[in-house]
Amino acid sequence: MPREIITVQVGQCGNQIGCRFWELALKEHAAYNTKARYDEALSSFFQNVDSRRDPPLSLPVGDGRGAIRALKARAVVVDMEDGVTNELLSGHMRDVFDTKQFITGQQSGHAGSGNNWACGSGLYGPMYREVLMESVRRQAEDCDSLQGFMLLHSLGGGTGSGLGSYMLGALAEEFPDVYRFSVSVFPSEDDDVVTSPYNAMLSCAALAEHADCVMPVENQALMDIVGSIGASRDRCDARSGSALTGVDGAVVGGRGGRPWDAMNGIAANLLLNLTAGARFDGALNVDINEVTTNLVPFPKMHFLLSAMSPATVSADKGKTVPVPRTMDQIFTEVFQRDRQLASVDPRHSTYLACALMMRGAVTVSDANRNVERLRKGLRMAHWVGDGFKVGLCDRPPVGAPYSALCLANNCAMRKPLDAMTVRFQKLRKRNLYVHHYAEHMAIDDMDAAAHAIATLAAEYGAVDTMAAPETVPSIQPLGVR
């Protein structure tokens, strides 16, 4: 049975990541679906539409051997500014999107949220609610077995943070039984948006309340990974005209490359690896809903640290080849600090649970051997000594023999939450910019959000320092005295 995922991309950053994701997804499916058949794997993210009909007719998967007519992304595209959305509609990916699924401020004469969470959530959210939710309903009605929503947004600006938070709450109200996942870009400490501490705090509180799983992606961590890719390129670029690229194909640190292209590509690649088990066959496939079941022991502690290996592919096949990686190196790298998509080192904190999602020629024995090897150097919560969820998908990423994605519910998440609180308090204790937010929200809600995140950080800290009990109480069976 098809298992569909609807992507909701909100704001400039969310739409840029979304655009790279759809490009990568098409390339991946094209590599494995050489007969151009509309099968279950393709239906996870794309509708097959017969545009010769009026209105266009959505074609079912059937036996998986039907011809592809026109692929349309299962996406809702939202932005109060029309710069990025216009690029999508005029770029090489324009035919993948249904223009009815675009909601922009231009449609009603509005222009952006002014880097103000309250404007995005308190003003545009209620104003556009019916239009937004109707777009989501249209997508949901075309699904046979809707598996989840995937929100793509950033926390630093106004639309992605504010309107993204509002949409997450609306999805929780209207689709309470459908899992809500979020790939959320956390701002760096030197972010050029002066109000980003407020926006990030309010958004993070909404994520803790309404999301089922959040995968934080920090700008600084992405820049560090891109920098390391550039350093690797300098070491191994022995011939002119060859370069290492980010997973999106953009040259990293090379001639004509834009670093943020590769940063967006890394975030998009996270989605491909996360959903590979739902799209392709494997010995131990993992649906994204199983991630929530296995990795979230406490309701609001659902922020999962992610790491991937490899993060690069060869731009010029046959010219430059990345340093060879053994399978054991792949497993080891996803636990190292320089592969984390957040600026933390999880090896120094307690793991509540961990998932290793492998792609390619990886056997069960390979996975078990490496889990046993790595477990010795990790600090696991005392109640979950065997806290590893392993997924094996047969299809590797294009251009690599195998890959690994590590998702860890780890107490190191306290560090970015504490840093967010510190940056928030620097502004809040002086009441800087508060009057802009007071126009669309109660200021008490801002303080309540800060309290919620401080409490969540404290909960991570308490679990991190929790000692194992000396004895485990047993339950006496009924009838035994």
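All residue numbers in this chain count up from 1 along the given sequence.
- Under the ring pair (Phe, Tyr, Trp, His ring centres under 6.0 Å) criterion, Tyr38 pairs with no residue, sequence neighbours left out.
- Applying the 6.0 Å contact sphere to CG of Asp281 captures no more than 12 heavy atoms from other residues, nucleotides or ligands.
- Side-chain contact between Val10 and Thr159 is present, with heavy atoms from C-beta onward closer than 4.5 Å.
- For the side chain to side chain donor-acceptor pair (under 3.5 Å) test with Ser343, the passing option among Glu189, Glu218, Gln220, Lys415 is Glu218; the others fail.
- Ring geometry, Phe175 versus Phe149: the interplanar angle exceeds 60°, so the pair is classed perpendicular (tilted spans 30 to 60°).
- Partners of Tyr351 according to the ring pair (Phe, Tyr, Trp, His ring centres under 6.0 Å) rule, which considers only residues two or more places apart in sequence or in another chain, do not exist here.
- Applying the side chain to side chain donor-acceptor pair (under 3.5 Å) rule to pairs touching residues 207-216 yields Glu209-Lys300, sequence neighbours excluded.
- Between Glu174 and Arg137 a salt bridge is recorded (basic side-chain N to carboxylate O distance below 4.0 Å).
- A search for ring pair (Phe, Tyr, Trp, His ring centres under 6.0 Å) contacts involving Tyr433 returns nothing, not counting sequence neighbours.
- Note on Lys27 versus Glu23: salt bridge recorded, some NZ/NE/NH1/NH2 to OD/OE distance being below 4.0 Å.
- Every pair tested for ring pair (Phe, Tyr, Trp, His ring centres under 6.0 Å) that includes a residue from residues 176-197 fails, sequence neighbours excluded, so the list is empty.
- For Phe303, there are no ring pair (Phe, Tyr, Trp, His ring centres under 6.0 Å) partners two or more places apart in sequence or in a different chain.
- Side chains of Asn199 and Tyr437: a donor-acceptor N/O pair is present below 3.5 angstrom, by distance only.
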Could you walk me through whether His153 and Ser182 pass side chain to side chain donor-acceptor pair (under 3.5 Å), step by step?
CA-CA 8 Å; His153 69 141; Ser182 176; 3.3 Å; yes
